[in-house]
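All values derive from a computational prediction rather than experimental measurement. If you read the sequence from its start, that first residue is 1, and numbering goes on from there.
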Amino acid sequence: MYSALVACRTGMGSSMMLKIKVEQVIRENGWNITVDHNEVSAVQYFNGDLLITMEDLADEITNKPFAVIGIKDLMNKDEIKEKLQKFLDSKQ
């Protein structure tokens with residue numbers, strides 16, 4: 001099982017919307033990923049496998065021991081699926 005964190009600058013609106021979409025994609029594909037959400041400052045305490053955030057914020061997060069996915073369109077389940085699949089493929 002993989003552990004993912006969805007984060008935005010404040011941990012409120014956009015990360016919650018993205019978390020909901022990510023969970024829908026995970027459920028639809030039967031992937032074994034748990035998801036939580038928080039503000040980006042919590043990333044320093046995250047010791048999971050994957051950080052999912054907005055594309056512009058992903059570029060600011062470097063040198064971390066987990067993968068980082070930047071999403072351009074929070075509502076685009078195809079983009080989310082494609083990037084999650086790429087993450088999962090990299091783990092095999």
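Residues forming a side chain to side chain contact (heavy atoms under 4.5 Å, CB included) with Q44 (at least two apart in sequence, or on another chain): none. Listed by chain and number, the residues in a side chain to side chain donor-acceptor pair (under 3.5 Å) with S41 are E39 (sequence neighbours excluded). With sequence neighbours excluded, no residue satisfies salt bridge (Lys or Arg N to Asp or Glu O under 4.0 Å) with K21. Partners of N29 according to the side chain to side chain contact (heavy atoms under 4.5 Å, CB included) rule, which considers only residues two or more places apart in sequence or in another chain, are V25, W31, K81.
In this structure a side-chain-to-backbone donor-acceptor pair under 3.5 Å is missing from N38 to A7.
Going from atom CD1 of I26 over to atom CG of L84 covers 5.5 Å, rounded to the nearest 0.5 Å. Going from atom CD1 of I61 over to atom CG of L51 covers 4.5 Å, rounded to the nearest 0.5 Å. Rounded to the nearest 0.5 angstrom, T53 OG1 and H37 NE2 are separated by 12.0 Å. We find the CD1-SG distance between I52 and C8 to be 13.0 Å, quoted to the nearest 0.5 Å. In this structure, M54 CE and D73 CG are separated by 12.0 Å, a value rounded to the nearest 0.5 Å. The line from CG of L18 to CE of M75 is 10.0 Å long, rounded to the nearest 0.5 Å.
Listed by first and then second residue, the ring pair (Phe, Tyr, Trp, His ring centres under 6.0 Å) pairs involving residues 63-87 are Y2-F87, F46-F66 (not counting sequence neighbours). The salt bridge (Lys or Arg N to Asp or Glu O under 4.0 Å) analysis of residues 58-71, with sequence neighbours excluded, yields the pairs R9-E60. Within the structure, side chain to side chain donor-acceptor pair (under 3.5 Å) pairs that include any residue of residues 82-92 comprise E79-K83, Q85-D89 (at least two apart or interchain).
V35 and K19 get closest at one heavy-atom pair: O-CE, 3.5 Å. Taking each heavy atom of G70 and A58 in turn, the nearest pair found is CA-CB, 3.7 Å.
Screening I69, V6, L88 against L50 for a side-chain contact (heavy atoms from CB on, under 4.5 Å) leaves a single residue, I69.
Within 6.0 Å of atom NZ in K72, 12 or fewer heavy atoms from other residues, nucleotides or ligands are found, so the atom counts as exposed in its surroundings.
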